[in-house]
Amino acid sequence: MLKLDQVSKYYRSPETVTQALRRVSLSMHAGEFVVITGESGSGKSTLLNVISGLDTYEEGELYINGEETSYFTKEDWEYYRSQYIGFIFQNYNIIDAYTVYQNVLAALIIQGYAPDKRKERAMELIEKVGLKDQAHQKSSTLSGGQKQRVSIARALAKDAPIIVADEPTGNLDKESGKRIIALLKEVSQEKLVIMVTHSFDHVKDHATRRIRLFDGEINEDKVLKPQPEKNVKPSTMSEGMLLKEQLYIAFKNLLSAPKRLVLTMAISLFIVAIFSLAYGSYVQSSASPNQFTFGSYLFNNHHESRIIAYRYDNQPFSELELNQIQALPGVSTVVLFDPLLDMYLYSETDFVSFNPLPSAVLSTRDLREGRFPQSINEIVVPSQSDLEVGDRISLNLNTYPRYGWWDRPDGMDPGMAVVREFEVVGVYRAQTVRYAIVHDDFFTEPIHQIQTLQGAMNDIHFELILSGTRQFLFGQTFAFIIDNQLDDNTIVIAQNLATKVGLDPSGEHAQITFKHPFITNPNPVSVTLLRDTNTSHQNTLTLSETTLLSLYQSEIKQISIIAPDALRLPQTMTALENQHPEVQLNHLASFEPTWNFDLGIFGRVMSTIGIIMLLLAMYFITYLSLRNIMQSRKKDYVIFRSIGASKRDLNRITLIELILVFSFAASLVYLGLFINALIPSVIPNFLNFYTFTDYLFAFILLLALAVLLGLRFNKHIFQDSVITALRVE
Ligand code: ADP
């Protein structure tokens, strides 16, 4: 039972006070079809708004089932509306982008109607209002009468006991109007229907009671057909929507307006792309090649195609094992003499320095010009270098490239570095100048291998066994001098080196075991030790090439597997792990890049500020570009609220929509970047620099952007109360 007792309503403006309702007293119950008439400005809408809790009243009391409402808070009113009131508006207020079915279904979802019976119930209601054939038609294509029937089906879906209709036939032709009235009459069997109209004639056959207003007062209150008094029962409301339902509505909202979705997506894509590229270059600028070491062995070559492999038991690989590994899919080449990849090819005149790589790391489409090397004297250089096809360049081969001659081990004669003449036969697309492509024979050439053994920096040492006493030469900085004039199995030791270890060699026989982190010779080699008479030799060991080769060339403990297909690298790794569980694999390129300290703390702070500025700029650009789109949805939101959706649920739905759009845009952008990494293009391959943390971080930042935008839109959307928002519409 709804009861008004001496209710007055005033509208105040700075100049005037209008009394819209004057001490209105009324009581109504379910089963009645109450028609309110009166001239324009007589207070009809005001009365309706007060009854439906859309507007407040100043004096008197409104009772719902005996409960006073004058102390109600804003939330209480929201709850009251959701429990008791179903609206039918003159201008329908249905969601145009939805189908008839979706409009009704949305109301059932908001209502918390049993999920398994929703579909059935929606169709039942649609049938009831005679729209069965139009159920899956988009609402924007319906006639006025049909739209009004949708709004009635929706009001019924809500199952509220009081149906409030403000001139529901105002926009309709006579025939459609009649059907609506008949429908409302039917509804009033169970519910209280209160309807405002200009022309009583249209409803006189169906109305059970007529109330005439004049200047805010009840002028006439006449029961035309007495009805048995029934109580208005509040509808059972759910505790807000489930996440699943919010997701459903968010999806529907996105998909039901394809044009809007495309536009929103385009803007998000643009923003996410700019952000990902900027963030990629930020990560790139702050990442430096990491210094990965094995013992004290320093790996210089971190190419993504390189997988370093050694046995867990530190035993050499068998021939069979090596053949099996070589035959695995995804494996292009196995570099058996692994340290060669870490060596530098550098030119002191051209100021370039490369790590060598076999041709297998590239495919033909990576070549910008020329061809792959066909002999050991040919080289393919990165496009970032100034070299061109046809250029000749002489490159020093050794392990101390980054330093000048002054940085080399004591006594290591710069002149003794192996120098090779190369002809540039190809240029490949690259973002760095780090790697040059050489012929596969480069990695098997003994003299090249010897060059990598220069210096103890890479943890090479000898174990000398002299007539039962053990002497060690290790941790020393030393260099080899190759002198093929020397007898085989003779080693000439520089004076200072001999003194350091307390040796005074003069033709002693010794057993030598050569030690290197991953090249071994289990069999000691017998040699004759001689003292070096050349006093300019410091820390050197002079020996013939044959002698040196006999010292180390034996068993292979470590290899580099070249797996150039970055896409399939994880599979290759997995296949290796599964088929060779005895082998430890290291993919250096996957190790997290360390901060480049050359950038300095200042540089880091600056680039971080740069990223934050970029984010802020993006936030405003996105906000401005999405604002109109979001504004256009304001009406939908008001409609949702008018059919009982809570502000909280709607806030969530906006957030979910934006998160969905942004996540999708982000996936597309990263897919794009991924494809970009595979084909030659002008966009740098930033993904190389993204680690898992970077992906996570970038994603969280984008998500934060979406959430901030969502919150801001929500604030705008809910600025106005439902009634003000509806009035504007
Ligand atoms: P009806 O629906 O019968 O045309 P209303 O209820 O809209 O009448 O209006 C009743 C009176 O209250 C009118 O004098 C109108 O000018 C005034 N009124 C209605 N709404 C407002 C408002 N938001 N602000 C000020 N005055 C209002």
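Just so it is clear, the values below take in all heavy atoms, side chains as well, and ignore hydrogens, waters and symmetry mates. Atoms within each ligand, like the ligands themselves, are counted from 1 in listed order.
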Given Glu657 and Asn253, is the side chain to side chain donor-acceptor pair (under 3.5 Å) satisfied, shown in steps? CA-CA 8 Å; Glu657 280 178 39; Asn253 284 351; 2.8 Å; yes
For Phe640, check ring pair (Phe, Tyr, Trp, His ring centres under 6.0 Å) against everything at least two apart and list the hits. none
Ligand-side contact atoms (ligand 1) for residue partner Glu39, heavy atom cut-off under 4.0 Å: 3 (O)
Heteroatom distance test (Thr18, ligand 1): nitrogen or oxygen, under 3.5 angstrom: no
Considering Gly216, Gly41, Ser42 one by one, which has a heavy atom nearer to atom 4 (O) of ligand 1 than any of the others? Gly41
Does Leu54 offer a backbone N or O that forms a donor-acceptor pair with the side chain of Asn49 under 3.5 Å? no
When you compare ligand 1 with Ala20, is there at least one nitrogen or oxygen pair between them that comes in under 3.5 angstrom? no
Please list all pairs meeting side chain to side chain donor-acceptor pair (under 3.5 Å) that have one or both residues in residues 174-190, counting only residues at least two apart or in different chains. Asp173-Ser176
Would you confirm whether Glu67, through its side chain, and Ile64, through its main-chain N or O, come within 3.5 Å as a donor-acceptor pair? no
If you compare Thr46, Leu48, Leu213 by their heavy atoms, the one closest to atom 6 (O) of ligand 1 turns out to be Thr46
